[in-house]
Amino acid sequence: MSASVGAGTLVWFRKGLRLHDNRALSAALQRSGKLVYPVFVLDPWFLHPSKVGPNRIRFLLESLSDLDRGLERDLGTRLIVLRGNPAETLAEAAKDWNCGMCCYEKDTEPYAKERDAKVDKALGEVGCSTESSPGHTLWDMDDLLLACSGKAPQTMTSFLALAKKVGDPGVPLPSPKGLSLAAPPPPFSFDASKHGVPEMADLPHYAEASKGEADSKAKCPFRGGETEGLERLRTLGGVGRGDAYIRGFSKPDTSPTCPTQPSTTALSPYLKFGCVSPRAVYQRLTEAEGKGAQTQPPVSLMGQLYWREHFYLLGHQMGGSFGRMHGSPISKQIPWERNAALVRAWKEARTGFPWIDACMVQLREQGWMHHLGRHAVACFLTRGDLWQHWEEGAAVFDELLLDADWSLNSANWMWLSCSAFFAQYFRVYGPHSFAKKTDPSGAYVRHFLPALRGMPDKYIYEPWKAPAEVQRKARCVVGVDYPFPLVDHADASKANIDKLKLAYAASKDGTGPDHDVAAKVTHENDTAVATAPGVVQYTPGVRVMPNGGTTSGASSPGDAGTLAGLFSKAPKQVKL
DNA sequence: TTGGGAGTTGTTCAA
DNA sequence: GTTGAACAACTCCCA
């Protein structure tokens with residue numbers, strides 16, 4: 001290739017952290033031959049533990065390292081990690097490296113659309129065109145939208161009809177191999193300390209989290225990267241699993257109570273980061289399904305891929321409103337609460353319901369939870385027990401899940417809270433009945449909640465019912481070693497069903513709220529603790545004063561009280 | 001237009 | 001252990 005103007009091409013990796021079936025990479029190689037420069041941009045927008053938890057950052061860094069190794073092995077080049085605002089850093093690189101084109105994989109999430117528009121503009125200003133290729137989903141979302149005349153289906157049955165109409169998504173592209181790409185032109189020189197994949201400790205805001213890195217890595221069984229992802233696709237995430245596992249897979253029949261090896265494939269984190277191409281998964285499933293009788297969507301493994309497409313399509317069509325109740329064309333308007341102390345108790349595994357708390361510990365430690373566990377904790381937080389806004393729960397999942405996909409997360413929270421897609425609000429998951437089916441002795445609970453390890457099977461899901469003597473013998477006194485339950489499930493779920501009935505009726509006759517009425521009750525640092533089953537005591541936490549100082553909310557035990565009491569006693573100057 | 005069938009995965013209890 | 005009814009009755013989609 002001559003050194004003509006704009007001869008080089010940037011390949012901008014964001015998701016799609018793989019070499020196989022990478023259409024952006026293929027397009028770049030086709031255009032520029034050896035003058036292809038693979039880059040990843042560490043965008044400060046997402047580099048904060050409140051947005052992306054330490055487990056997911058580690059998974060990302062592992063995926064980038066694996067990609068870097070793959071690029072060096074098969075394409076004779078390195079992944080260049082840039083730091084800063086994507087529009088600015090990419091425009092600078094394009095200019096300095098004489099690139100007339102930047103190829104990247106299409107991303108339909110709201111932030112990505114906004115970011116990519118800015119990048120397109122900035123690159124255009126330095127004479128660099130951009131080209132986006134599909135690849136994160138089986139089909140190009142715009143093609144699907146066109147095929148359904150701009151009206152995305154709201155049920156799986158209709159989505160399947162649409163999928164049939166658009167046809168096979170095509171075979172995955174092989175990985176490019178045996179190439180020797182050039183490095184960007186001088187004065188650029190690859191400096192591992194500047195352009196290499198960083199350690200977590202080197203990232204701003206993650207220094208603290210990186211201190212517990214060894215322990216946290218040991219607890220999380222998922223390592224990022226294309227190599228791991230393809231191996232997981234080959235083994236389907238379990239010893240001895242093969243085509244028969246694929247053909248017999250039925251999602252509702254898989255167990256949510258396996259503490260270390262998931263009963264499902266757990267390919268989701270690898271699909272989220274694009275370490276594995278959805279078309280590669282599709283091909284693997286198609287091959288197995290061709291060999292005999294098989295389960296069918298929506299419960300089959302192929303069905304799981306279709307759910308992903310289905311929700312991506314809805315998210316693409318609706319944009320930002322897909323992640324909110326207010327202004328949503330599909331979410332029921334329900335007067336949820338936003339009680340920060342209760343949401344925190346749920347997030348920090350202090351609800352007093354062992355199955356719920358164990359799930360939340362698994363989420364924090366592993367960044368993953370079985371789908372039915374997600375159902376249980378989401379139902380519990382919203383319509384089942386705590387009556388908290390589904391957006392609050394979605395934000396926690398978005399922070400802690402390795403596989404946090406905006407479209408899927410929004411859709412599932414709407415589903416479980418009976419805000420959209422699912423309306424049978426009288427079907428409530430029991431927080432101490434559901435797990436018994438697959439785990440009557442509570443091994444899952446014991447694994448994640450050491451305090452309950454000595455509790456007899458009979459009381460493992462409802463320890464507050466154990467006689468005092470049994471609790472003492474089990475070295476787990478409820479109220480001391482493990483919390484009382486925040487609510488009486490029978491009372492709470494019954495009251496919530498009544499509230500949903502009213503909210504549904506109001507939405508039908510048009511008297512429902514047309515805005516989000518949930519006011520923040522309790523301060524984010526307040527604590528909710530049950531002092532007896534279903535009796536919650538709120539303790540005010542530290543407040544930041546207008547002058548920047550802090551004050552402790554509770555000066556004596558008497559300051560703690562009911563929610564109403566908390567507010568009547570809160571000093572005026574306290575910022576809530 | 002309207003009515004009926006279908007809808008990934010609830011729980012409890014009785015037979 | 002499995003199956004079916006009761007609980008109370010939702011929305012979407014298509015014929």
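Chain letters run A, B, ... following the sequence lines, proteins first and then strands; every chain starts at 1.
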Visitor: Counting distance only, does the side-chain N/O of Q537(A) pair as donor-acceptor with the main-chain N or O of A530(A) below 3.5 Å?
Guide: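 No, the answer is negative, given that no donor and acceptor are paired below the 3.5 Å cut-off.
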Visitor: Remember a base hit wins even if backbone is also touched, and classify T157(A) as base, sugar-phosphate or nothing at under 4.0 Å, heavy atoms.
Guide: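 Sugar-phosphate, backbone atoms only, no base.
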Visitor: Just to be sure I understand the rule, does K508(A) reach a base, reach only the sugar-phosphate, or reach nothing, if contact means heavy atoms closer than 4.0 Å?
Guide: sugar-phosphate
Visitor: Counting Watson-Crick and G-U wobble pairs whose two distances are both under 3.5 Å, find the runs of 3 or more in a row that involve DNA chain B.
Guide: B:2-7 with C:10-15, B:10-15 with C:2-7
Visitor: Would you mind classifying the nucleic acid contact of Q154(A) as base, sugar-phosphate or nothing, using non-hydrogen atoms under 4.0 angstrom?
Guide: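 Sugar-phosphate: the residue Q154(A), judged by heavy atoms under 4.0 Å, touches backbone atoms but no base.
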Visitor: At less than 4.0 Å, is any side-chain N or O atom of K494(A) found next to OP1 or OP2 of dC7(C)? Yes or no.
Guide: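 Checking dC7(C) against K494(A), no side-chain N or O comes under 4.0 Å of OP1 or OP2.
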Visitor: With a 4.0 Å cut-off, would you call D140(A) and R23(A) a salt bridge?
Guide: no
Visitor: Parallel, tilted or perpendicular: which fits the ring planes of F311(A) and F421(A), with parallel below 30° and perpendicular above 60°?
Guide: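 If you compare the ring of F311(A) with that of F421(A), the planes turn out tilted.
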Visitor: If you pin T155(A) and R427(A) to their nearest nucleotides in DNA chain C, which one's is more 5'?
Guide: R427(A)
Visitor: Using a heavy-atom cut-off of under 4.0 Å over every strand shown, decide if G303(A) touches base, sugar-phosphate, or nothing.
Guide: nothing
Visitor: Run the salt-bridge test on D142(A) and K106(A) with the 4.0 Å N-O cut-off and return the result as yes or no.
Guide: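 Judged by the 4.0 Å cut-off on N to carboxylate O distance, D142(A) and K106(A) do form a salt bridge.
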Visitor: In whole angstrom, give me the gap between the C1' atoms of dA9(C) and dG4(B).
Guide: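 Pairwise C1' distance, dA9(C) against dG4(B), rounds to 14 Å.
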Visitor: What is the distance, rounded to the nearest whole Å, between atom CG of L160(A) and atom P of dA6(B)?
Guide: 15 Å
Visitor: Looking at S433(A), I'd like to know whether one of its side-chain N or O atoms comes within less than 4.0 Å of OP1 or OP2 on dT11(B).
Guide: yes
Visitor: Counting any heavy atom closer than 4.0 Å, what does F422(A) reach on the DNA or RNA strands: base, sugar-phosphate only, or nothing?
Guide: nothing
Visitor: Looking at every strand, decide which applies to K437(A) at a 4.0 Å heavy-atom threshold: base, sugar-phosphate, or nothing.
Guide: sugar-phosphate
Visitor: Categorize F421(A) for me: base, sugar-phosphate, or nothing, with a 4.0 angstrom heavy-atom threshold over every strand shown.
Guide: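 Result for F421(A) = nothing.
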Visitor: Classify the nucleic acid contact of V428(A) as base, sugar-phosphate or nothing, counting any heavy atom under 4.0 Å across all strands shown.
Guide: sugar-phosphate
Visitor: When you check the gap from the basic side-chain N to the acidic O, do R350(A) and D357(A) get nearer than 4.0 Å?
Guide: no
